Amino acid sequence: MEENEDSGLGNIKVVCRFRPLNQKEKEISMQTCVDFSPDKRTVHVRAQSESAEPLKFNFDYVFDPSSHQSSVYDVAAKPVVESVMQGFNGTVFAYGQTSSGKTFTMSGPDFTDQDLMGIIPRMVGTVFDQIAMSEEYLEFQVKVSYCEIYMEKIKDLLEPSKNNLKIHEDRIRGVYISGISERYANDDQEVYDLMALGLDNREVGYTNMNAGSSRSHSIFIITISQSNTKDFSSKVGKLYLVDLAGSEKVGKTGAEGKRLEEAKNINKSLTTLGQVISALTDGKSTHVPYRDSKLTRVLQDSLGGNSKTTLIVTCSPSPYNESETVSTLRFGIRAKAIKNKPKVNREYTVAELKLLLSKSREEIVMKDKRIFELETSLKQSGIQIPEIIESTEDEDSSFLNMSKASEYDEVIQELEEARTRLSEECQASSLLRQELGVTQTDLESLKAVNEYMMKELEKANNLNKALKTSSEAKDEKICTLTDVNEKLVEEVKALTEKELKLEQAVIGKDVELEQLRTDVKKLQAALLEKESEIKTQWEDFDTDEGVQKVGSASTIPSWDLMKEEKELWDNEKKLLVVDLQNKTNSIISLNQQLDEFKKKCKELEVALNRDEKDLQTENKILQRSLEQLTKKYHILSAKKAKLKIEGKANEKKMKRITDKCTELENKVNHYREKYKSAKFSLKQINLQQETARASISHFGGVPHLNIRKTIAGGSALSRRTLTFAARQNILTEP
Ligand SMILES: Nc1ncnc2c1ncn2[C@@H]1O[C@H](COP(=O)(O)OP(=O)(O)OP(=O)(O)O)[C@@H](O)[C@H]1O
């Protein structure tokens, strides 16, 4: 797998894909607004007004609506995937209006369908095929990460609980998402499973334009590390497959509420993407606003950095979407001007450098031997060694060569020593690192304990406060209840007095009633007597004798008088009956009132008793809780004092540990510096050797000690068994 390790400046490849008209667009018009030229590089967009000229756009490739998923993959993505297999970084991303076919192109509607599968599942096939075809001495590791940027937050789609990942940058790794989960995959199926897992966790929603619209930018990352077991070299290629959320006009998509917020975020990040592209291509901007959105920050290396990048712009051919199609195509045209600087991500390990050195030394010894043989045979054949060569054999030159040779030997020896020292220091450094790790863990756990203690202290203080407040509230309640109790006692007193008065009044009324009853009885008796008298008189009166008797009896009152008297009696009787009735009614109502008062009194008594009991119980409870609170308060105060002491001790311990950490970090830095300078001196020695070798051969001396940095080439291709160095389910970046 040899390849030019620095492919120099390279423009981003931009291809454009048109999908077929969808049902909604067909209902508006069966016409399209685009024409494709046979060279497959140009598309013309017909303007809707008759007078305007069609717009012409040139791309690296134009896919018309009849294009197959496989041809899009072969042109747009396969070359990038192949570069990633050689240690380059690669990016393939899809940009376009919502519902224009980005997800269809990147993932496809079904990853198991050979015709419909999109770029991501096809890329998996290429990766594992290439691994199977590579040299046997190469070892690969394939790691998969999957995340989405939703509302300016990066969510890990393989571990959705990680939903606000941060972006970091360092010299070795470039820009990367810190803490994202990376899962090893052994074959196609394992990658598909991870894709399916990630897709399940994606943020999608319904809009007027697309029932399954992606509401986030999704990024599928596949990292392929390869190590060469022969020369110990290693390379890492990272491939970013990005399905951007669709740019949209909120009016057309009918976004409102949550959808509107999402749309605003999507449009904002896409605008920043446009600004980054403008800054990279206008030739005058000094600042590229990568940091203005998470999307551009993640894609920093893909846009103007270390990556082989293909942009796929997806469009609708419908006149209904003409303005969006034109703006998407213009975006693609601007992006075409971006220049990237892709290079192979490789590092020489110490083992690799040692191997190179020992190989070169072997080579030099072999060559020295060969030169000696040739010189001997030349001399034996009587062939004179040319003047210039002989002149190098004068004493000075030979001394020079000898001294140079011994100098080289010394240098090599020094180098060996430096390497031994370096490896020892590396070991020491790794030990120190381990120690640092342990100390840091200790520090972390101490910090955690401290934090926990502080929280506990705070909780205790809060509890104390709450208890004080509740105790005060209870005191207040006791006061109020005592007041209420006193009022109730007074009320009961007043009621008892009222009851007594009422009872007395009732007794009086009873007496009165009894009197009335006697009067009534008397009256009734008198009435009855009178009636019988009248009756007798009437009977007498009815007979003639009676009349005569009556008539003769001058003492007997006249008939009219008697009648009048009877009426008077009747009236009096009626009045007496009414009076009697009234008195009976008033007695009944008085009895009722009395009953009611008695009832009320009883109720009040019960309530009073109950309240008194409640008050007593509450009082007891309050007293008990007050006692408990006081105890707790004392315990907490003691704990607080203890925590303070412990906190101080912990602070001291932390300070000691921090100092130790700084010391260890300094040591590590010191070893790093030493490592760097040793690497540099190795380079210098190599250069010196090269120069010396050149000067020796220029003077015709004996060439020797030729050290070259070469990567051992491979033999013929053969199917290899894929070896995965370390296989584990989840590997989180350090
Ligand atoms: N080339 C194509 N051939 C056939 N159907 C397609 C093609 N491209 C897209 N479609 C269909 O169009 C619809 C919208 O496509 P897709 O979801 O890929 O759009 P999108 O650009 O990802 O949208 P959004 O930005 O809203 O997520 C889907 O039903 C899809 O199957």
Side-chain angles (χ1 to χ4, degrees), residues 15-28 32 34 36 43 61-77 92-111 113-122 148-151 157 195 198-199 201-220 241-255 258-260 262-271 273 295 311-318 320-321 324-325 327-329 331-332:
V15 303
C16 149
R17 182 182 199 186
F18 280 82
R19 63 156 167 74
L21 287 172
N22 63 28
Q23 197 49 42
K24 199 173 168 188
E25 291 165 340
K26 280 182 190 162
E27 279 163 19
I28 297 168
T32 66
V34 283
F36 301 96
V43 58
Y61 205 94
V62 176
F63 296 97
D64 64 29
S66 65
S67 309
H68 293 293
Q69 295 279 67
S70 60
S71 44
V72 175
Y73 175 72
D74 287 343
V75 174
V92 178
F93 68 110
Y95 174 94
Q97 178 193 3
T98 182
S99 181
S100 56
K102 296 179 294 294
T103 308
F104 185 90
T105 303
M106 294 307 293
S107 305
D110 182 355
F111 353 118
D113 185 317
Q114 287 302 314
D115 292 328
L116 289 177
M117 56 162 59
I119 285 176
I120 304 179
R122 282 176 202 273
E148 71 173 357
I149 304 175
Y150 177 66
M151 306 282 264
L157 290 175
M195 276 175 70
L199 280 175
N201 292 323
R202 264 200 83 177
E203 211 52 61
V204 281
Y206 173 87
T207 68
N208 283 352
M209 301 278 290
N210 189 356
S213 178
S214 317
R215 311 311 297 156
S216 63
H217 308 299
S218 81
I219 305 171
F220 187 87
L241 296 159
V242 187
D243 179 3
L244 296 175
S247 54
E248 61 184 72
K249 282 187 177 162
V250 287
K252 264 189 179 176
T253 53
K258 187 184 170 197
R259 293 275 165 269
L260 184 63
E262 287 168 350
K264 279 187 195 163
N265 266 290
I266 294 168
N267 288 350
K268 189 178 158 267
S269 57
L270 291 175
T271 308
L273 178 63
L295 173 69
L311 165 67
I312 303 172
V313 291
T314 55
C315 305
S316 148
S318 164
Y320 172 67
N321 291 317
E324 286 90 344
T325 298
S327 79
T328 304
L329 293 173
F331 177 92

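Order of listing sets the numbers, starting from 1, for every ligand and every atom in it. It should be emphasised that the depicted structure is a prediction, and the values quoted were computed from it without experimental measurement.
In terms of N/O distances under 3.5 Å, ligand 1 is approached by G246. Looking at F104 next to ligand 1, an N or O pair under 3.5 Å apart turns up. Considering both main-chain and side-chain atoms, T314 never comes within under 3.5 Å of ligand 1 through any nitrogen or oxygen pair.
Contact annotation for R17 and ligand 1: only side-chain heavy atoms (C-beta onward) come within less than 4.0 Å of the ligand. Proximity of P20 to ligand 1, defined as any heavy-atom pair under 4.0 Å, is confined to the side chain (atoms from C-beta onward).
When side chains are defined from C-beta on, L244 counts as touching L295, because their heavy atoms get closer than 4.5 Å.
Of the options M106, R19, K102, the smallest heavy-atom separation from atom 21 (O) of ligand 1 is shown by K102. Across S99, S218, A94, heavy-atom proximity to atom 14 (C) of ligand 1 is greatest for S99.
In this structure, G96 has no heavy atom closer than 4.0 Å to ligand 1.
Each of the following atoms of ligand 1 lies closer than 4.0 Å to a heavy atom of T98: 23 (O), 24 (P), 25 (O), 26 (O). Within ligand 1, the atoms closer than 4.0 Å to a non-hydrogen atom of Q97 are 21 (O), numbered from 1 in the order shown.
Using a 30° and 60° split on the angle between ring planes, F331 and Y95 fall in the parallel class, below 30°.
Of all non-hydrogen atoms in C16 and L329, the two that sit nearest each other are SG-CD2, 3.7 Å. Between F63 and F36, the shortest heavy-atom distance links the atoms O-CE2, 4.4 Å.
At distances below 3.5 Å, at least one donor-acceptor pair connects side-chain atoms of N201 with backbone N or O atoms of L157. Using a distance-only test at 3.5 Å, with no hydrogens or angles considered, no donor-acceptor pair links the side chain of R17 to the main chain of K102.
Of the N and O atoms on the side chains of S316 and Q97, not one donor lies less than 3.5 Å from an acceptor on the other residue.
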